[in-house]
> 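Have a look at the structure that comes next, please.
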Number of protein chains: 2
Amino acid sequence: MKRILIVEDEPNLADGLEMNLTAEGYEVAVAENGNAALELIERMSFDLALVDVMMPGMDGFSLCKKIRKTSHLPIIFLTARSQDEDKIKGLALGGDDYLTKPFNLGELLQRITSIFRRMSWESASETGRKILTFADSELNLETLKATGPGGETFLSHREAMALKFLYERRGQSVSRDMLLDGVWGYRAYPSTRTVDNFILRLRKIFESDPANPTVIKSIRGVGYMLDA
Amino acid sequence: MKRILIVEDEPNLADGLEMNLTAEGYEVAVAENGNAALELIERMSFDLALVDVMMPGMDGFSLCKKIRKTSHLPIIFLTARSQDEDKIKGLALGGDDYLTKPFNLGELLQRITSIFRRMSWESASETGRKILTFADSELNLETLKATGPGGETFLSHREAMALKFLYERRGQSVSRDMLLDGVWGYRAYPSTRTVDNFILRLRKIFESDPANPTVIKSIRGVGYMLDA
DNA sequence: CTATTTTGCCACACTATTTTCACACACCGC
DNA sequence: GCGGTGTGTGAAAATAGTGTGGCAAAATAG
């Protein structure tokens, strides 16, 4: 779940934002001034900050500069309409976006999703190796093409995740519950039979004799293990 | 260390840029108008120029022409609106680039590194290929004329951008969100359905059997991929 | 050896994603 | 304003992926 920090001194606006963002499924924290915000940022990590430009004490821009010294936390500035827009535009470069009050909720939500969208693939591109190799098999994580004794196929997204999960722990036994958490997510409740099923399908591709698995081994009472 | 020249008359924007680029490890100089820029260029060498199109006195385009007389310094144009887009498109083909304000820092940095990368690895030969060739198809980026199994047509600007985006990543899967960010821009909020639509149209031209795509492949749950 | 638990495997229902279509709408040059 | 083009949307149809239940087979415990 994404965490958003609201830095806003006007309680009604802060409350409204908090309510609405929470309703959208974000985890929200509120700081009513710059110092409180910095403290919160030190204590926990956020994915995005909504910062009012005009605040007593430290203004939004100063806060931005301080935040930037230690992190690249994306920032959306909130600013009253009549202020010098050029200044905002210039400084907004250090952040990621800005909105002028009064803004409507839909627009804010769109900007937020847009920023998350952007972040998600900027970080995704560096995620290391794109081809897993093991036993006589390989899996291209980019195209999801799998090659093994059982031939050549394209895995589904989830099949690939499951294999990757095992691959990252090869040589260790992995319980079905671990797979469910890691691949399906902690909020999903498929049965453990489902896991067996995915293993079954993976074996058809990666085992030369799927009935006597040597690559994706069963460990009775525990789970599965990818051979090291 | 790479040296970047900022040509921007609006002090706050210039400051913001300078701050951020310096923080990214570039050496930055600022000129507040075209003449100052030319003087600076004479005195020292730069690796890249960021040029505001709209400036009092000499505008960005004129400046570009003058710079071009003596060097091949890559230029990124900063432009307020998309009205100038047609004009810019012509100039941008020389390996340069442009950004429409307001843009965010991440986007700018990405363009900068991409220009440096391009320079280092193709300095001699293919500076500015204007025709993309793949499978049995081709696309002329200047005329936007596309030729493929589906016949010959002229693509719209966005269609061409989408194809180019895929082309630059052929062999890699590209998610709809990546396309939205890369082709539509971070401030655009069309749905991912829109992406599907463009793919649909592209397939009609570049696939011999659009219903069974082999060139622009779907990767279910992930996105699309142009065959390498 | 038998009872019990765990795993393998299949077929099928059900979900989710993608494709495709028809249409709305904005924008541009006339 | 009036078409024409280019873009974006929503909804239905097509397709691929996922989860479930059942039962058989294998492993373990007693």
Side-chain angles (χ1 to χ4, degrees), chain A residues 106 110 114 143-146 150 153-163 165-166 173-177 179-180 183-185 187-207 209-225, chain B residues 81-87 89 144-146 150 153-163 173-177 179-180 183-185 187-207 209-225:
Chain A
Q110 286 186 321
S114 156
T143 60
L144 303 189
K145 182 171 159 189
T153 345
F154 288 90
L155 298 190
S156 75
H157 193 42
R158 194 150 284 185
E159 285 165 345
M161 303 235 316
L163 183 65
F165 193 85
L166 289 169
S173 57
V174 175
S175 74
R176 284 165 236 279
D177 283 341
L179 277 161
L180 281 176
V183 176
W184 277 260
R187 195 105 225 170
Y189 297 107
S191 79
T192 57
R193 216 97 315 279
T194 300
V195 177
D196 297 345
N197 245 295
F198 276 81
I199 297 293
L200 174 65
R201 276 179 262 159
L202 291 177
R203 279 181 177 159
K204 283 193 177 149
I205 300 158
F206 298 116
E207 295 283 356
D209 177 11
N212 292 67
T214 60
V215 180
I216 305 176
K217 293 176 178 162
S218 295
I219 300 177
R220 193 185 176 77
V222 183
Y224 299 98
M225 186 181 97
Chain B
R81 283 252 150 265
S82 48
Q83 302 145 344
D84 309 316
E85 264 196 35
D86 289 333
K87 208 171 179 182
K89 261 187 273 166
L144 301 190
K145 181 171 159 190
T153 345
F154 289 89
L155 297 190
S156 74
H157 190 221
R158 221 181 269 279
E159 284 165 345
M161 302 245 306
L163 184 66
S173 57
V174 175
S175 74
R176 291 177 174 70
D177 281 344
L179 278 160
L180 279 176
V183 176
W184 277 259
R187 243 173 213 274
Y189 315 104
S191 75
T192 56
R193 226 73 354 272
T194 301
V195 177
D196 299 343
N197 246 289
F198 277 79
I199 297 292
L200 174 65
R201 278 179 259 158
L202 292 177
R203 293 223 255 237
K204 284 197 177 141
I205 300 159
F206 298 115
E207 295 282 356
D209 176 11
N212 292 65
T214 58
V215 180
I216 305 176
K217 291 177 180 162
S218 296
I219 301 178
R220 180 172 267 260
V222 182
Y224 298 99
M225 185 183 98

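These values consider heavy atoms only, across backbone and side chains, with no hydrogens, waters or symmetry-generated copies.
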> Using 0.5 Å steps for rounding, measure from the CG atom of A:Leu200 to the CD1 atom of A:Ile205.
10.0 Å
> OP1 or OP2 of D:dT9 versus the side-chain N and O atoms of B:Thr194: is any pair under 4.0 Å?
yes
> For D:dG19 and A:Trp184 - does any side-chain N or O of the residue sit under 4.0 Å from the phosphate oxygens OP1/OP2?
yes
> C:dT6, OP1 or OP2 - any side-chain N/O from A:Tyr224 closer than 4.0 Å?
no
> Rounded to the nearest 0.5 Å, what separation is found between the OH atom of B:Tyr224 and the OG atom of B:Ser218?
5.0 Å
> Would you give the length of the straight line joining atom CG of B:Leu179 to atom OG1 of B:Thr194, rounded to the nearest 0.5 angstrom?
11.5 Å
> Under 4.0 Å from OP1 or OP2 of C:dC10: is there any side-chain N or O of A:Lys204 that close?
yes
> Given C:dT17, is OP1 or OP2 found less than 4.0 Å from the side-chain N or O atoms of B:Arg176?
no
> What's the CG-P distance between A:Asp196 and D:dT18, to the nearest Å?
16 Å
> Can you tell me the distance, in whole Å, between the CD1 atom of B:Ile199 and the C1' atom of C:dT17?
15 Å
> Please tabulate the protein-to-nucleotide N/O contacts below 3.5 Å involving nucleotides 24-26 of chain C, giving atom names and distances.
none

> How close or far is atom P of C:dC9 from atom CG of A:Leu202, stated in whole angstroms?
13 Å
> Look through every strand shown and name the nucleotide pairing with D:dG30 as Watson-Crick or G-U wobble, where both distances are under 3.5 Å.
C:dC1
> Provide the closest heavy-atom pair for A:Val183 versus A:Ala162 in the form atom of the first, atom of the second, distance.
CG2-CA, 3.7 Å
> Restricting to pairs with a member in residues 191-203 of chain A, which pass salt bridge (charged side-chain N to carboxylate O under 4.0 Å, His left out), not counting sequence neighbours?
A:Glu159-A:Arg201, A:Arg176-A:Asp196, A:Arg193-A:Asp196
> Would you mind reporting whether A:Phe198 and A:Trp184 have side-chain heavy atoms less than 4.5 Å apart?
yes
> Can you check whether A:Leu202 reaches A:Leu155 side chain to side chain, under 4.5 Å on heavy atoms?
yes
> Between P on C:dT18 and CZ on B:Phe198, what's the gap in Å once rounded to a whole number?
18 Å
> Starting at the 5' end of nucleotides 10-17 of chain D, put B wherever the base has a protein heavy atom under 4.0 Å, S where only the sugar-phosphate does, and a dash everywhere else.
BB---BBS
> Minimum heavy-atom separation for B:Met225 and A:Thr143, please, with both atom names.
SD-CG2, 3.3 Å
> C:dT19 P sits how many Å from B:Glu207 CD, rounded?
11 Å
> Taking CD from B:Glu159 and C1' from D:dT5, how many angstroms apart are they, rounded to a whole number?
11 Å
> Between atom CG in B:Leu200 and atom C1' in C:dA22, what is the gap in whole Å?
12 Å
> May I ask you to test the A:Leu166-A:Ile199 pair for a side-chain heavy-atom distance under 4.5 Å?
yes
> Please report, rounded to the nearest Å, how far the C1' atom of C:dC9 is from the CG atom of A:Asn212.
15 Å
